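Each chain gets a letter, A, B and so on, in the order the sequences are listed, and its residues count up from 1. This one's a predicted model, so the numbers in the text were calculated from it and none came from an experiment.
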Amino acid sequence: MNRFKQILDNHQEYAREWKKRVGGRILGYFDTYLPEELAYAAGMLPVRMMAEREPDMISAKWIYSSCYPVKSLTNQLLLGRYDYLDALVITEGCQWMYNAFEVAMNNKPDLLTHYLFFPDHTDAPTSKDLLVSELKVFRAKLEEWSGRAIADDALDNAIDVYNTNRRLLRKMYELRRMYRSVILGSEAMTVMLASQLMDKAEMNVWLEEYLRELEEREPYDDRIRLMLLGSETWSVDLEELVESLGANIVVDDLDNGASYCWNETVALKDKDMALALRYLGRPHSALKDNNWRRRPQRIFELAEDFAVDGALIAKQIYCHPHGLDNYAIWKLLRERGIPFHYFERDLTLPREETRLRLNSFFSMIRPGLTRLAGWHTPMTI
Amino acid sequence: MITAGIDMGMEYVKAVLLRDGEAAGRGIGLSGGARRESAARAALEGALKEAGLSAGDIGKTVATGKGKFDLSFADKQVTEAVAAAKAAKRLCPAATCVMDAGCDETLVLTLDGGGKINEAVLNEKCAAGVGGFLQNMARRLELSLEEMSALPPVAAGGATVNDGCIVFAELDMLSLLNRNVPVREIAAALTDAAAVRVCTVLNDVTVPATDKVVLLGGLAKNKAFVRALEARSGISFVIPDHGEYGGALGAAQIALDT
Amino acid sequence: MAEKGQIYETRPLEFWAKAKELRAGWQQSIESTETVVGQGNILAIADWSRAFPAIGLVEDNPAGSMIASQSSPFARKCRLASEIRGWGREICGYQNTCWGSQFLGYQADGSPFPYRKFVVPIPCLCDQHNKRGQQVRDFEPVPQWMMDQCVYLGPRDAGREEAMIEHRAYSMLRQINDIERLFGQKFDDEKFQELLTAYSLVDLYSRDISTLMAQTKPTPLSIKDYYSVYTLGSLTKIDPQETVDFWKLVRDEVEWRAQNQIAAVGNERFRWIEAHPPSWHFLKYYRYMESYGAVCLGSQYAHRVTAGCLERRPDGSIDRREMLYYPKDTPLETREDGVRVCLTPDVRYPHHHKMDEYIRHNAIVEFADIFQADGALLAGWRCGVGCTLTRKEQAMRLRRAGYNVMFYEGSQPGDRTDLDEKRFLEQLDTWMETQGLEKQGD
Amino acid sequence: MTKEYWRWPGSAWASQDADWRRADRITAGVDVGTTSSQAVVLCDGEVYAYASIHTGADFRKAAGAVVEKAIDDTGMRMADIGAVAGTGWGSDHITFAGQILDEVLCHAKGARHIYGREVRTVVDLGGQTTKAILLYDWDRVRDFMMNDKCATGMGRNVEYLCGLLQVPIEEIGELSLSVSEDPEPVSTTCYAFADTETMGLFGRPEYRSDKMTDNEVYASHMFSIAWRVLGVIGRLQPPDVGDVKVCKELGFTGGLAKNPGVTKRIERELGVTALAGRYDPQLAGALGAALLI
């Protein structure tokens, strides 16, 4: 566990060190719609850009009114924290991220950049064709950057490594599904986030060891089982706070959580098509879930499957897609009797305020289980 | 000729009298929203007393500040930017940049050699109220402003609060308080966050100034804040005496010049 | 109409009367015909909807800002209505007001909300809108067709474009087919082509108008006046031939004014540009600025083309930008041709916030140069993603090029939420006064 | 010494009729909030004494001080209190409490005691947080909603504003109600925006015609606070179509509940009349804690 935690805590260190060790190039990406396999096959290490809380005096000059994570990304890029990146790629998605991408593009002329149009209309019969066309463009760009063609077996290998990673991460979710979980939400999220920072081949080795460890582990006590919904996350502060109050997050529907690993690439002769189908077919982020609403139903199914007691919806301030999704999700959760608590967060988690919310929420949904100064909360008012 | 400049700030009203261009008197008073006009009269009264003059001696009065249009007896109103630039030019002829950090607004101006304003940048609304916030927090922490001003700088790796929003900063402050972090450390963290916030305005001009930057406004009096600001920005500010009277001084100078 | 500080002759616009007449006629026609009203975005689908006899499209942006301008208390109520149903408080005014009214079930005057009969969601222009359209179906399972808004960055790439156009053409043809089937209306292919031809003519006239505004000092037409006829023929649907005639009329009058040095604003001494459509309160601040003798020439958006419709040629002359808006070599014989013609420019010339290399780096500076501007007023619209994207950078670029730029925080797009009007006007004072300009005519 | 307009008066009360020495069971509830702290002492389930003070910079000190203040002059000592329950932001610091309870539960219980059993909607208007609580008509919390992070700090904001405007905090609510018609509220997003906007409302020549009177400015600010609270209340039971819906048996708790400029406006917008209570609404949290022991 500590290994993963270290990766996450020093989220830029791994890539820097990898570059020194392997000598390869690093490709930074913004959201999880990037078909990483292509970059991996081209010998690059795809690394997810992670927001970080630190004093920010620069981003306001370049970007206005964005969410705090994107301000942080802008800040880090301008401060040169990401100067080890060789390339920066964005897929069509969050526009705040796009703004950060543009700022980087204009301020770091040496950075190789690419914009990949990922269809917002994911379920048209022509969407896959368009994505294949975009993948070919991306592939050509990667080949131009590296000066050599992406070999078929390299791509096969990349797809295999990524699929293995997804399978292992799914296995971790299976362990969380057990009635008495052997893994805490904060641990699982740490692994999840670390996997977006690491070379997947190495990650897979670590992960296998970790899963073996987990199988040996004694399960935790009966805890309130929660589901985490809302915007992407970059730290496990919230999970840890939840755990300190006697609950556990057992499943999530975050774009960089469960949705990142939920489906695998199914082998096809046409590899671009195989990748296109994988990414079009993944559980969608709020932004891409813009035609027929699929998220509410998926959330309900996960809630049933993981037998959750309630849901926490934590939306980043200024995250519009999630703001617009609340309506349908709240409605469905209410109709089906799944209690939820909604709150906004930014990069700082006001611990006390959140603790008060959570205490009240937990004692509402399972009064007997709340840990408040060693006493059980009375059942009635 | 006697000219008067009155700066109708959000928290304080400041008055400055010039006798033939030489500073003759100053007066200050809490502005109190709706009572600005009477506060301004009182501040002016104070300045007149110091100068040994009477109201009838004043040849021309120019008002500036957020409430400049509330003053019925002003001959002219000028924006805060114009007044601040004038004051900076007077106090430091070589100034290339002036920053006016007050209760509510933070204004940064870059000047050319002749004192003309190249660029005027006002804080984002999300960064409003920094001065008032610090005072409010001092009150919450049961510190006087003097005590807050005398605090040592924040230690590296110590407590921090949100530097993006004063509303969130207050929540963080209360969390620190609940975790038994010493009040002085919390105050230092708040001061540092305010300095970071003010730095965003300083950075917002096309080419941020590095030298000969004049700091005006009430926050200039807060030593801990100035130290934090200098550490964060890397600028060594020119801090004139009575910097909080900058706007009023500029207005009085404009009354003389026009 | 002599004003204090007047430098140039000015006189009222004559096309005004005709514009009013057209607008009234349009108003009458929509009140008298039974129209199937759907939700969609004019940019992407207005072109086909008009070839149906009675299909109407309502876009949430204009609908929202119209509600907000009718009644601020009602707009506030709409915002509250969506907030309590879970919408984030940072969802912009357009969305909140329009869909808040749907949540309430009634409009500002108390009449029932006009529920849409179908919906065409358009993602991508702005994240605020990315999910727009779902709100319609949350209420009632009406037909829905999505229309992707494809863009790309970087050098022109014919292969990339073709895939995008195919993707969109498929959606559009399917929409037309389905509407014929579901609402029993016949798509008039001839009218469709007539419309496309009319649009290209209007485009030419409007570029003439832009050229005249840019190149004549004093400008014969201010953007304040231009905006009042801007939507005639597009959002305000009138007959294609009438549209063309009207735009010719406008062009001719502006040309005449330019030749005779008739100014839009008699005391013009400062020319400024914007970077986006103005917010709903624009009339007030255009007028306020005119009291300083500062006249607004509009934005790249207002002049209809992402990069601005004019360009400086290598020899220094200024001319219409060579646009592939309606490619000359494209035949316009079948419905598919028409659809492709509709879709091509959107892909080739992306909407202004997703810009290609050229546009990002140079366009706004070139625009300011061509329009002989002295400064620019750039708005940061709180919570408006698409409206605000890159605005800060543009400000920086213009400043470096020597323009005096005022960046201000406006309302949320669509309504007056978050607008601190007094602060904004004081910023305008600061902007003017720091350049030594004083109010005229006091 | 300039007058501190923002400082609201604390309170303390002890029953003159009852004698605590005869009580079988003495219990106390302590609510240490971000801005104010309250203690309520019960003798055999009946309110015997209470106090309310500014929390200040030391939560632990406040917790002790508020209990001391409540039992001051009664001859009772801390040791005489059989059981203490604590709640609130600083509840960790109530070292003498036997149990710590969550705020929603305490406010709900306290509100039931103050407003009677029929209360169904409890709106807690605190220094930092705003909570809207929906109760079943049996003794359970059905749901609760708390403010968005951006809408934090409304109670504290009124303190700050009163200091700035130099208007006594006890009066600003009434003053704001003396206008003939409410102006548009200032920014309903957050208090930072609202403050800047409010201070700008005091006059500008271009707008002399709509220049506001002082009371209208206060009204505009109070209205914006009320509006932010409405958003929290409405989220409890959003109807499929239509305006904000609320169970009309509504009671306010918390410090800001004593500001009619806020509560009356909420009542007006909701079309309900809030229940009248037996005790100071600010005591609800501490009272609830004491009752829940």
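With a 4.5 Å cut-off on non-hydrogen atoms, H322(A) does not touch chain C at all. Interface residue M146(C): backbone and side-chain heavy atoms are both found under 4.5 Å from chain A. Only the side chain of W330(A) comes within contact range of chain C, with heavy atoms under 4.5 Å apart. When heavy atoms are compared at a cutoff of 4.5 Å, L116(A) approaches chain C solely by way of its backbone atoms N, CA, C and O. No part of F118(A) comes within reach of chain C, as not one of its non-hydrogen atoms sits under 4.5 angstrom from that chain. For E409(C), the parts lying under 4.5 angstrom from a heavy atom of chain A are both the backbone and the side chain. Residue K136(A): no heavy atom, backbone or side chain, is found under 4.5 Å from chain C. Looking at V132(A), there are no atoms closer than 4.5 Å to chain C (heavy atoms on both sides), in backbone or side chain. Residue L324(A) touches chain C through both its backbone and its side chain, counting heavy-atom pairs closer than 4.5 Å.
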Before giving the answer on ring pair (Phe, Tyr, Trp, His ring centres under 6.0 Å), spell out for F103(C) and Y327(A) the whole-Å C-alpha distance, their side-chain angles and the decisive distance to 0.1 Å.
CA-CA 11 Å; F103(C) 283 135; Y327(A) 170 74; 5.0 Å; yes
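Proximity of V120(C) to Q39(C): side-chain heavy atoms (C-beta onward) are nowhere separated by under 4.5 Å. Under the 4.5 Å side-chain criterion, counting only non-hydrogen atoms from C-beta, H284(A) is in contact with Y33(A). Contact annotation: the side chain of Q102(C) approaches that of Y115(C) to within less than 4.5 Å [non-hydrogen atoms, C-beta and beyond].
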Please tabulate, one pair per line, all N/O donor-acceptor pairs under 3.5 Å involving side-chain atoms of residues 133-141 of chain C, not counting sequence neighbours.
from, atom 1, to, atom 2, distance (Å)
Q134(C), OE1, R293(A), NH1, 3.1
Q134(C), OE1, K131(C), NZ, 3.4
Q134(C), NE2, D289(A), O, 2.8
Q134(C), NE2, N291(A), O, 3.2
Q135(C), OE1, G133(C), N, 2.9
R137(C), NH1, V142(C), O, 2.9
D138(C), OD1, R293(A), NE, 2.9
D138(C), OD2, R293(A), NE, 3.4
D138(C), OD2, R293(A), NH2, 2.8

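Residues of residues 336-343 of chain A placed with any heavy atom under 4.5 Å of a heavy atom in chain C are absent; none qualify.
Electrostatic pairing of R294(A) and D123(A) counts as a salt bridge here, judged by a charged N lying under 4.0 Å from a carboxylate O.
Listed options L287(A), N326(A), V137(A) were ranked by heavy-atom pairs under 4.5 angstrom with chain C; first place goes to L287(A). Residue with the most contacts toward chain A among R85(C), R382(C), R160(C), Q95(C): R160(C) (heavy-atom pairs, distance under 4.5 Å). Among C94(A), S66(A), A328(A), the residue with the largest count of heavy-atom pairs under 4.5 Å with chain C is C94(A).
With ring centers used as reference points, F117(A) lies 6.0 Å or more from Y152(C). Aromatic rings of Y64(A) and F407(C) (six-membered ring for Trp) have centroids within the 6.0 Å cut-off, being under it. Here the two rings, on W145(C) and F118(C), have centers that are under 6.0 Å apart.
Using the six-membered ring where Trp is involved, H320(A) and W96(A) have ring planes that are tilted, between 30° and 60° apart.
The neighbour count for Q297(A) CD, taken as heavy atoms of other residues, nucleotides or ligands under 6.0 Å away, is above 12.
Both the sub-6.0 Å distance and the 45° axial angle are not jointly satisfied by K141(A) relative to the ring of F138(A).
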